[in-house]
Amino acid sequence: MYFQDRQIAHMDLDSFFVSVERLIDSRLNNRPILIGGTSSRGVVASCSYEARAFGIHSAMPMKMAKQLCPEAIVLKGNSGTYSKYSQLVTDVVRESAPVFEKTSIDEFYIDFTGMDRFFGTFKYAKELRSKIIKETGLPISFGLSTNKTVSKVATGEAKPNNEIEVSKGNERPFLAPLSVQKIPMVGEKTYQKLCDLGVKRIHTVQEMPVDVMERVLGKSGRGIWEKANGIDTSLVIPFQERKSISTERTFDKDTIDVHRLKGIITAMTENLAFQLRRGDKLTACVSVKIRYSDFDTHSLQQNIPYTSADHILLPKIQELFDKLYNKRLLVRLIGVKFSHLVGGGYQINLFEDNEKNIQLYQAMDKMRIRYGDRAVLRASGMDAKTIGRSNPFNGDPPPLLANRRI
Amino acid sequence: MRFIVSSGSLLKQLNMAGTLISSNSAMPILENFLFTLLPGKLVITSSDSESTLTTTIAVESEVEGEACVPAKILMDILKTFPEQPLTFDFGGDDNQLEISSDYGRYQIGYFGVNEYPRLPEIEDSSVSKMPSGVLATAIQKTLFASGNDDLRPVMSGVFFQLNKEGATFVSTDAHKLVRYRRVDISTAESAEFIMPKKPLTILKGILSTAEDEVQLHYNQKNCRFEFKHIVLTARLIDGRYPNYDAVIPKENPNKLTIDREAFLHSVKRVSLFANKTTHQIRLKIAGSEVQTIAEDLDFSNKAHERIQCDYDGSDMEIGFNSRFLVEMLSNLESEHVLLELSAPNRAGLLSPIDGKEIGEEVLMLVMPVMINS
């Protein structure tokens, strides 16, 4: 089996959050909608095509979006509802797809390789798309080609509510006329760099020798060159084990209140430790991240013996925070991350643990599982009401951040 | 200074002493053997600055003298010789040692002895005696359970408790613990000290199982083991050993008796399917049956076995690091073992049922892992 003989589809729900809101409330149809943070710091997480006509795009500050289109309807959004609808779509995909990978709340890669001789892959993917639209009422687009990158680009071209097939051998001509910005690895900075070189179209990249790309962009240069040439050998991976779990929080107003910051990281650590225990996981690396008001971002991490116990993690995180936060500057964002995760239970220590502690954890976890994550908390972390508390080990991809690129 | 020695018996002594010599020592002089020649015998000393070993071997000599001989090259050349007499001649002033064998002559540069650290004298020492076989067993039973954590140095050794009632040897890494007790060895003056791992590993290798007597001389800082022609001196680990007695649960209502080998093999097999980092398995005990269960979600591996046992207690499910169980079960020799349990979050106690020597008492303790039931 050669890589170029594969058949991989990329499916992406069109302006997913907006579509869900419209399903719930049809009055929103045909009107400019903005979904995202409503505070002064908020950014647009999703916007309708009507809003895009005003030049609005996701990740744009909400303030700016409102200036561009004052008549837009602004919604806060509800991640629980979106996850539910995403699950509905996943269920439909699972029924028909041999192998699929869910990369975010509204995106799937499906490997149809080998099905061509029985069904006709494009026809089969089309049928799947109509089935999703019929069963969930949500518009979806797809691109079909021989690899993930080209399919993803094709989906972007197909949107909204359409489909594109890029057949084998046509990858390069398909990509050639597009802007280099469309290559999945190219972000703002790389784009700028390429523009400075006079490279605007993918065609130009295709014509360049690969070592020139490497010289200009470093290691990622080769990856970008390969993608521009429609070369991508990555596989469709059905389930990805979480390698790390984290929470972070941006403040509405930058703060210097150390007491409050410590309360928040306590609440974050407490919750992440509970998630570890619920998911039967242990962590061996903890880190703390701080972003100051000038966007200067620092993080500090430390390796520790495998654990999931509050009384080891909390002091460790506090210690890292104390080491990291020594500038007395306004803080914009704070976050906690556990990585190097493995499956297993906490190894009880003969001398440092006592039965009471262990029983306390077990009792608290039981209450949280039954009555919700906030059923029992340390008083010092009680003020942190708005940190993310979702279960990271239910097989879903990490919750998508509002500032992702589409 | 000159002597004649049998190549085989010299190599044997050097191999033993050489275990203390590392090739990148902080003190380069310790990469040498210290040879102390006396009429009719040669004393060989090696040291890693914490522990020092001396061994004595019979040689043909008439004079006295001292020299530091590079360890590696000396051992390497000796390994190549079949049994034969060798002549060592330390010659004149050029610090050249000349070795003559049946095949030819070899010259090695040697060093003066001024830099070589001298053995600390053990002042105000107490003395205790025990058969070398007993000490060897005590080390072999306890050493594996000691820790490796640099932050807790006391746990990296074996705790010796000597008193009138007996001799107790304890080791733990905070997750497992072994207590080996001999009630047939009594010491008039009570003493407690922590012996580091390395000299014990060496002792384990050289102590014979025979009934040779070992003499222990110790004070607050050092301990010296003397037996036959060998003397091993070690600096003790400074610190207070954790109160291990307090953490051994006294009430253990659930008692499981099981064939040791059957249990060991089951744990070994099942643990192949456990997570490769945490090695965790579960024991599900009900009726007269133990189920050993392992699972690795990352690779969708699963194993499940059942073994017959005698069980007196309530049904229970408990998680353990399978490595600890394997280490402990393989360290015992008995046909059957007793596993005493109280609750899934409290220690399990493992002890042999049969095959014990008179006066011997073995207790092993293993802490469980928290599991979601």
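Numbers restart at 1 for each chain; the letters A, B, ... are given by sequence-line order, proteins then strands. Just the heavy atoms: all of them, side chains too, but no hydrogens, waters or symmetry mates, feed the values below.
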Pick one of side chain, backbone, both or neither for [X], based on which atoms fall under 4.5 Å of a heavy atom in chain A.
X        : result
B/Arg152 : side chain
B/Asn345 : both
B/Ala347 : neither
B/Ile248 : neither
B/Asp173 : neither

Do the charged groups of B/Arg269 and B/Glu305 touch, with an N to O distance under 4.0 Å?
yes
Test: A/Lys152 and A/Glu107 ion pair at under 4.0 Å
yes
Results of side chain to side chain contact (heavy atoms under 4.5 Å, CB included) for A/Asp365 - residues two or more places apart only
A/Phe274, A/Arg277, A/Arg368
Between B/Tyr241 and B/Tyr244, what is the ring plane arrangement, given parallel below 30°, perpendicular above 60°, and tilted in between?
perpendicular
Quick one: sort the B/Tyr180 and B/Phe169 rings into parallel, tilted or perpendicular, breaks at 30° and 60°.
tilted
Identify which part of A/Tyr306 has an atom lying under 4.5 Å from any heavy atom of chain B, answering side chain, backbone, both or neither.
side chain
When B/Ala174, B/Ala343, B/Ala246, B/Gly319 are compared by non-hydrogen pairs under 4.5 Å with chain A, the top option:
B/Ala174
For A/Arg278 against A/Ile369, the heavy-atom pair lying closest together:
CD-CG1, 4.0 Å
